[in-house]
> 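I have a structure I would like to understand better, so I am pasting it below and will then ask my questions one at a time.
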Amino acid sequence: MPREYRTIEEVAGPLMLVQHVSGVKYDELGEIELPGGEIRRCKVLEVNGSNALVQLFESAIGINAQDSKVRFLGKGLELAVSPDILGRVFDGMGHPADDGPEIIPDKMADINGMPMNPAARAYPNEFIQTGVSAIDGLNTLVRGQKLPIFSASGLPHAELAAQIARQSRVRDQSSKFAVVFAAMGITFEEADYFINDFRRTGAIDRAVLFMNLANDPAIERIATPRMALTAAEYLAFNLDMHVLVIMTDITYYAEALREVSAARKEVPGRRGYPGYLYTDLATMYERAGRQRGKEGSITLMPILTMPDDDKTHPIPDLTGYITEGQIILSRELYKKGVRPPIDVLPSLSRLKDKGIGEGKTRADHANTMNQLFAAYSRGKDAKELQIILGEDALSEVDRIYARFADAFEQDYVSQGFTVERSIDETLHIGWKLLSMLPRNELKRIRDTYIDQYYGKD
C-alpha cells in the first residue's frame, strides 16, 4: 500500500529531503505529485532515521515543497518482460520509445536481478561468431564470456558496436540468438544512428534496445544497464536464448555514479569515483554467464572510452580485473585508415582457447592464431628497426616480415564496418598471409596443417 507524505523539507538540485517517514527502504521507488496533478518519479538514495533522501528522475523545476506530496510505492525499479520485447526500442527506464504499445508483461522483474551461484555456473566453451576477423580469428568471443572493448575519444567504437550487434551469431543454426543493446549517455545523433542501423539491416527483429540520452538524468543512466541485463536474463533463462549484451559507454555510466555519489557527499576514491566502483561494476558484469541445466546464456561486451587514452584509469583498470580479457582500439591504426582499428597484440581473450578447434571452429585455428600473432609481432619489430637503420640494414627474412605486418593490417584487421566474414573466410585470409612467409618460418603450426593449407589460395 503506497504511503503518502506532505513533509518535503528541502529540494536541492536533483535531491529532495522528506522528513517523518516510516518503513521506507533504500532503493524504493516514489512518486511526487505536484499541485497541478503532474507526477514525477524518484528513488530513495538514503534513509537516516525518519528522514529519506530521494533523487528525482526528472527535473526539480516547479516543485513546491509546501504543496507537493510524495508517495513511496514499496518496491524497487522493475522491468516488464515478455517475448514481445524483441524488436522493440525502450528508453533508459524501460518505457517504450518507438511509438509501439506498452509491453503486456509475463512478469515484472526486479532490475537488480539475483546473483548467479558460482556452483551453478557452467564454463564458457562455445564459439560466438562476430564476423570481425580480428576478434574471431585472434581474440575469440566465447558464449558466456565477459569481453570488454577499450576505446578512446574519437575512435569508431559506435560503428564497431553496431557491426558486432548486427553480425553476431552462434554456429548452431538450431539455437535461438538475440542481442540486447544498451546505450548510456549518448547524443540524439548516436541514438538515431544505432536505431536506424538496426532497422535498416533487419537486426532489430532479434534485438532489444535501451537508449539513455545525454540529457536524461544521471540516476536513469545508472538504471539503464540493469534494465538491459534484466531483459537478457529473461530471454536467456526463461526463453532459452543465447543473448549477447552490448553496452556503450560504461565511462558515462561511471560518471553518473560519481555524480550521484558526490550529491550524497560520499567520501571519493580514485579520481573522484566512489570507493565502491569496483563492486558496482562487478554486480553488473557478473550477471553474464551460463548456468548448469539451462540452455540459454548471456555473453557481455561492455564498451568504454579510456579518458586520455589511459589504460590505468580506474574504469578500464577495474573492468580488466572483473572481465576475461579486453579488445583494445588503437589511435595509431585509426590514423593509418585501418577499420576497425583493433590492436591485436595488447588485446586478449582469456577464454579463446576454450571456444576454438575441431567441432567449434576448425582444427587448425589455434595453430594459425599463434603463428599470426608471432609473425605480426616480429613484423612490427622489423618495421621499427627499418625506421631507425633503413631497409638495407634488414635481412631478407626481416623484410618479408615487415611486408607481412603491413599486409596483415590491411587485409586481415581492416575489413570495414559493413563486411561480415565467416570463421572459414577469416582462417582463409590468415593462411593467405602466412603463405607470404617461407615455409620453414611456420614453427607454430603442425606439418599436417601446413601441407593442407600453405600456399593454396
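Remember, it's a predicted structure, so these values are computed and weren't measured experimentally. Residue indices begin at 1 and follow the sequence shown.
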> Give every residue pair that meets the side chain to side chain donor-acceptor pair (under 3.5 Å) criterion with at least one member in residues 105-115, sequence neighbours excluded.
Asp27-Asn112, Asp106-Tyr234, Asp110-Asn112

> Are there more than 12 heavy atoms of other residues, nucleotides or ligands under 6.0 Å from atom CD1 of Ile104?
no

> Any luck finding a side-chain donor-acceptor pair between Thr230 and Arg287 under 3.5 Å?
yes

> Less than 4.0 angstrom from a charged side-chain N to a carboxylate O is my criterion; do Arg171 and Asp424 meet it?
yes

> To the nearest 0.5 Å, what is the distance between CE (Met284) and CD1 (Ile222)?
10.0 Å

> For a 4.5 angstrom cut-off between non-hydrogen side-chain atoms, does Met184 reach Thr248?
no

> Are the charged groups of Arg362 and Asp136 less than 4.0 angstrom apart, N to O?
no

> Less than 4.0 angstrom from a charged side-chain N to a carboxylate O is my criterion; do Asp240 and Lys294 meet it?
no

> Could you pull out the closest heavy-atom pair between Thr251 and Thr305, with the gap in Å?
OG1-O, 2.7 Å

> If you count heavy atoms of other groups shown closer than 6.0 angstrom to CG of Asn215, is the number above 12?
yes

> Which of these passes side chain to side chain contact (heavy atoms under 4.5 Å, CB included) with Ile8: Lys69, Met16, Gln66?
Met16

> Can you confirm whether Thr187 sits close enough to Leu213 that some side-chain heavy atom of one is under 4.5 Å from a side-chain heavy atom of the other?
no

> Does a side chain donor of either Asp67 or Asn64 reach within less than 3.5 Å of an acceptor in the other side chain?
yes

> Under the rule for side-chain contact (heavy atoms from CB on, under 4.5 Å), what residues qualify as partners of Glu126, not counting sequence neighbours?
Arg143, Arg290

> Between the side chains of Gln129 and Ser422, is a donor N or O closer than 3.5 angstrom to an acceptor N or O?
no

> Using side-chain contact (heavy atoms from CB on, under 4.5 Å) as the criterion, list what pairs up with Asn196, not counting sequence neighbours.
Asp192

> Any idea which heavy atoms bring Glu425 and Glu420 closest together, and the distance?
OE1-O, 4.0 Å

> Between atom CD1 of Ile327 and atom CG of Asn139, what is the distance when rounded to the nearest 0.5 Å?
4.5 Å

> Checking Lys75 now: which residues fulfil side-chain hydrogen bond (donor to acceptor under 3.5 Å, both in side chains) with it, not counting sequence neighbours?
none

> Atom CZ of Phe373 and atom CG of Leu138: how far apart are they, to the nearest 0.5 Å?
4.5 Å

> Under the criterion salt bridge (Lys or Arg N to Asp or Glu O under 4.0 Å), I'd like the reasoning laid out for Asp197 against Arg166: C-alpha separation, chi angles, the key distance, then a yes or no.
CA-CA 8 Å; Asp197 188 80; Arg166 186 172 64 242; 2.8 Å; yes

> So, Arg6 versus Ser68: side-chain donor-acceptor pair below 3.5 Å or not?
no

> Where do Ser347 and Gln326 land on the side chain to side chain donor-acceptor pair (under 3.5 Å) test, with the steps shown first?
CA-CA 6 Å; Ser347 297; Gln326 66 281 326; over 6 Å; no

> For Ala256 and Arg221, which heavy atoms make the closest approach, and how far apart are they?
CB-CB, 3.9 Å

> Would you mind listing every ring-ring contact (aromatic ring centres under 6.0 Å, His included) that reaches into residues 319-342, with sequence neighbours excluded?
none

> Can you tell me if Ser133 and Arg421 form a side-chain donor-acceptor pair at under 3.5 Å?
yes

> Do the side chains of Lys176 and His242 get nearer than 4.5 Å, heavy atoms only?
no

> Determine whether a donor-acceptor pair (N or O, by modelled atom type, separation under 3.5 Å) exists between the side chain of Ser414 and the backbone of Arg339.
yes

> Are the side chains of Ile298 and Glu233 in touch, meaning some heavy atoms are under 4.5 Å apart?
yes

> Tell me which one of Val81, Leu235, Val179 satisfies side chain to side chain contact (heavy atoms under 4.5 Å, CB included) with Val208.
Leu235

> Which pair of non-hydrogen atoms, one from Gly289 and one from Arg121, has the smallest distance, and what is that distance?
CA-NH1, 3.8 Å

> When rounded to the nearest 0.5 angstrom, what distance separates CG in Leu147 from OG1 in Thr130?
9.5 Å

> With sequence neighbours left out, what residues match Glu58 under side-chain contact (heavy atoms from CB on, under 4.5 Å)?
Arg40, Arg41

> Are Leu34 and Ile32 close enough that some pair of their side-chain heavy atoms sits under 4.5 Å apart?
yes

> Looking at Ile85, Asp91, Asp98, Val89, which hits side chain to side chain contact (heavy atoms under 4.5 Å, CB included) with Leu209?
Val89

> State whether a side-chain donor-acceptor pair under 3.5 Å links Glu255 with Tyr273.
yes

> Should Glu220 and Lys43 count as an ion pair when the cut-off is N to O under 4.0 Å?
no

> Are Asp353 and Leu351 side-chain neighbours, meaning at least one heavy-atom pair lies under 4.5 Å?
no

> Going by side-chain hydrogen bond (donor to acceptor under 3.5 Å, both in side chains), name the residues that satisfy it together with Glu266, two or more places apart in sequence or in a different chain.
Ser261, Arg264, Tyr276

> State plainly whether the residues Lys25 and Glu28 are in salt-bridge range, i.e. N to O under 4.0 Å.
no

> Between the side chains of Thr7 and His20, is a donor N or O closer than 3.5 angstrom to an acceptor N or O?
no

> Under the side-chain hydrogen bond (donor to acceptor under 3.5 Å, both in side chains) test, which residues partner Thr312, sequence neighbours left out?
Asp310

> What pairs meet the ring-ring contact (aromatic ring centres under 6.0 Å, His included) rule with one or both residues in residues 189-226, with sequence neighbours excluded?
Phe90-Phe210, Phe181-Phe194, Phe181-Phe198

> Would you name the heavy atoms of Pro340 and Phe417 that are closest together and state the gap between them?
CB-CE2, 3.7 Å

> Using the ring-ring contact (aromatic ring centres under 6.0 Å, His included) rule, collect all pairs that involve residues 119-158, keeping only residues at least two apart or in two chains.
none

> Taking only residues two or more places apart in sequence or in another chain, which ones pass side-chain hydrogen bond (donor to acceptor under 3.5 Å, both in side chains) with Glu31?
Arg71

> As an exercise, state the distance from CG of Asn48 to CG of Leu53, rounded to the nearest 0.5 Å.
9.5 Å

> Would you say the side chain of Thr319 lies within less than 4.5 Å of the side chain of Pro148, judging by non-hydrogen atoms?
yes

> Could you tell me which residues satisfy side-chain contact (heavy atoms from CB on, under 4.5 Å) with Leu29, sequence neighbours excluded, listed by chain and number?
Phe57, Leu73, Leu77

> Is there side-chain contact between Leu244 and Leu141, with at least one heavy-atom pair below 4.5 Å?
yes

> From Glu286 CD over to Leu281 CG, what is the distance, rounded to the nearest 0.5 angstrom?
11.0 Å

> Identify the heavy atoms of Ile63 and Ser59 that sit nearest to each other, and give their distance.
CD1-O, 4.4 Å

